[in-house]
A.B. asks: 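Next up is a structure, given as structure tokens.
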Amino acid sequence: MKKRTLSFIAALALSAAALTGCGNASAKNSSEDSVKIAYLPITHALPVLEEAEELEKENGLKVELVKFGSWPELLDALNTGKVDGASVLIELAMKSRQEGVGIKAVALGHHDGNVVIVSNDINDGADLKGKTFAIPHRQSSHNILLNEVLEKSGLTVDDINVTELAPTEMPSALASGQIDGYCVAEPFGAMGVATGAGKVLYTSEELWEDSVCCGLVLTDKFIENEADKAKSFVESYKKAGAALDTETAKQTAEKYFKQSSDVLDISLQWISFDDLGISEETYTLLTDKVKKYGLSDNPPTYEEFVKNDF
Ligand code: ZN
């Protein structure tokens with residue numbers, strides 16, 4: 001994979017809103033009746049946000065939400081035990097588990113919900129040859145989806161320049177011509193469409209049916225020491241996901257994100273949140289792709305990484 005570093009001069013208006021007010025993960029560990037969960041302000045984390053509203057009302061367990069502006073910052077908090085869990089790119093969590101971090105995936109973040117955005121002069125995958133394409137992290141389903149596009153078009157990552165950018169930077173990087181396309185968590189794909197900077201080349205389900213992307217992970221310490229809380233939390237999370245129809249999802253997103261109504265309308269048509277358990281079949285397909293496209297040679301097994309029996 002070729003990479004190149006891009007520098008950005010302007011303060012990016014599109015990124016400012018999402019980056020403000022990021023949480024402080026160095027705060028104390030969870031108090032007795034709370035669970036501390038890290039997230040990024042993306043629609044892929046909506047079940048956690050929806051759940052936080054309901055769980056305390058239902059059984060007194062408070063969800064302390066800790067917002068981060070980038071995956072590396074969130075991962076650092078998760079890997080060092082400053083939070084009890086996170087809504088995170090599942091491949092990033094798999095890598096942490098592979099490296100010995102005590103975490104388990106207990107649910108999916110969502111189904112589908114990603115798009116491949118390209119500049120308006122690109123009409124098919126083959127047009128990406130020699131172009132620059134941004135993904136949020138090498139360990140992501142966005143990287144897998146890019147590889148699927150290239151394979152469909154008879155190309156590989158060696159035919160393009162792949163760069164890693166923070167999600168918030170991508171729409172403006174496309175608008176300024178610094179990149180030619182990107183794939184990233186929502187609503188940043190929808191922002192590229194809404195501003196007219198780019199268009200959808202593929203939705204994720206056209207490339208990988210019922211694709212997975214984010215997962216809800218909890219630390220082994222929390223699962224073992226707080227078994228009842230962990231069970232309540234995961235059950236409530238799945239219930240919150242099932243309740244997220246497009247209208248509810250939009251209401252929750254408007255409460256937590258500073259995104260326009262138009263952007264959310266475009267974005268939420270691509271995603272679903274029901275049935276968030278992680279089946280062995282789904283996980284096996286994911287690990288096959290992780291190995292095929294070189295994200296990892298040795299991802300954790302289902303037994304090592306997934307807890308689906310709450
Ligand atoms: Zn996701």
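Counting starts at 1 for both ligands and their atoms, following the listed order. Values below: all heavy atoms of this structure, side chains included; hydrogens, waters and symmetry mates excluded. We number each residue from 1, following the sequence as shown. Quantities reported herein were computed from a predicted structural model and do not represent experimental measurements.
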A.B. asks: Could you tell me if the side chain of K199 sits less than 4.5 Å from the side chain of N123, heavy atoms only?
C.D. replies: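 They are in side-chain contact.
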A.B. asks: Just checking, any donor-acceptor pair under 3.5 angstrom between side chains of D262 and S260?
C.D. replies: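 Judged by distance alone, the side chains do not pair up.
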A.B. asks: Counting C-beta onward and ignoring hydrogens, is there a side-chain heavy-atom pair between D210 and E205 closer than 4.5 Å?
C.D. replies: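 Heavy-atom side-chain distance check fails, nothing below 4.5 Å.
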A.B. asks: Can the positive tip of K307 be found less than 6.0 Å from the middle of the six-membered ring of F310, inside 45° of the ring normal?
C.D. replies: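 Cation-pi check for K307 and F310: passes.
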A.B. asks: In this structure, which one of I42, L89, I271, L145 forms a side chain to side chain contact (heavy atoms under 4.5 Å, CB included) with C213?
C.D. replies: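 Looking at I42, L89, I271, L145, the match for C213 under the side chain to side chain contact (heavy atoms under 4.5 Å, CB included) is L89.
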A.B. asks: Tally of protein N/O/S atoms under 2.8 Å from the Zn ion (ligand 1)?
C.D. replies: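 Of the protein's nitrogen, oxygen and sulfur atoms, 4 lie under 2.8 Å from the Zn ion (ligand 1).
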A.B. asks: Do S279 and E281 meet the criterion of a side-chain donor-acceptor pair at a distance under 3.5 Å?
C.D. replies: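 Judged by distance alone, the side chains do not pair up.
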